[in-house]
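Side chains included, hydrogens not; waters and symmetry mates left out as well; all remaining heavy atoms used.
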Amino acid sequence: MGLFDGMMGNASRIEPQAAAQEFGRLLSPREEVHAAYQLIRDSFLFTDRRLILVDKQGMTGRKVEYHSIPYRSITHFSVETAGTFDLDAELKIWLSGQAEPITKQFGKGVDVYEVQALMSAYVAR
């Protein structure tokens, strides 16, 4: 992922095995990472059980907040594809009890249809 993409908030795909190794302490026994994406410092992981958001805070990034979102708490989601002048795709996730969605930007190197398929598979269970 380029520095410019990271500064713009665009996510890039990281290998699930690498994400499982880096965030293994967050995973329950036999929980598997199916897909993972990373901004400059923040990450988000799609596992077979939940969505995990990793928010590194402060100047050094030593303080980290982990959000664990069970798929059943996702009420709906939307995926917006990239356009001619708008080069990034967008994922919005609405949670039960929250009016504003969680929004993530994807650079042109990420297959937004793959993200949509993951969300569909887990949310529609």
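- Residues F44 and I14 do not share a hydrophobic cluster, defined by chaining ILVMFWY side chains whose heavy atoms lie under 4.5 Å apart.
- The shortest distance between side-chain heavy atoms of Y66 and L26 falls below 4.5 Å.
- Within the 4.5 Å cutoff, the side chain of L53 has no heavy atoms near those of the D42 side chain.
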Side chains of residues 91-101: which donor-acceptor partners sit under 3.5 Å, not counting sequence neighbours?
none

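- Here the CG atom belonging to D48 is positioned 9.0 Å from the CG atom belonging to L27, to the nearest 0.5 angstrom.
- Annotation: side chain to side chain donor-acceptor pair (under 3.5 Å) contacts of E114 (sequence neighbours excluded): R13, Y37.
- Residues satisfying the side chain to side chain donor-acceptor pair (under 3.5 Å) criterion with Y122, sequence neighbours excluded, are H34.
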Verdict with supporting geometry, V33 and F23, side-chain contact (heavy atoms from CB on, under 4.5 Å): CA-CA 10 Å; V33 176; F23 300 107; over 6 Å; no

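- Annotation: salt bridge (charged side-chain N to carboxylate O under 4.0 Å, His left out) contacts of K56 (sequence neighbours excluded): none.
- Under the 4.5 Å side-chain criterion, counting only non-hydrogen atoms from C-beta, K104 is not in contact with E90.
- Side-chain atoms of S73 never come within 3.5 Å of backbone atoms of I69 as a donor-acceptor pair (strictly under, hydrogens ignored).
- Between V123 and F77 the shortest side-chain heavy-atom distance falls below 4.5 Å.
- Take E31 and apply the salt bridge (charged side-chain N to carboxylate O under 4.0 Å, His left out) test, not counting sequence neighbours, and it matches R50.
- Contacts classified as side chain to side chain donor-acceptor pair (under 3.5 Å) and involving residues 14-26 (residues at least two apart or in different chains) are not found.
- Separating the CZ atom in R49 from the OH atom in Y71 is a distance of 11.5 Å, to the nearest 0.5 Å.
- By the 4.5 Å heavy-atom criterion applied to side chains, F46 and I52 are not counted as neighbours.
- Hydrophobic clustering keeps V79 apart from L45 (ILVMFWY residues linked when any side-chain heavy atoms are closer than 4.5 Å, directly or through intermediates).
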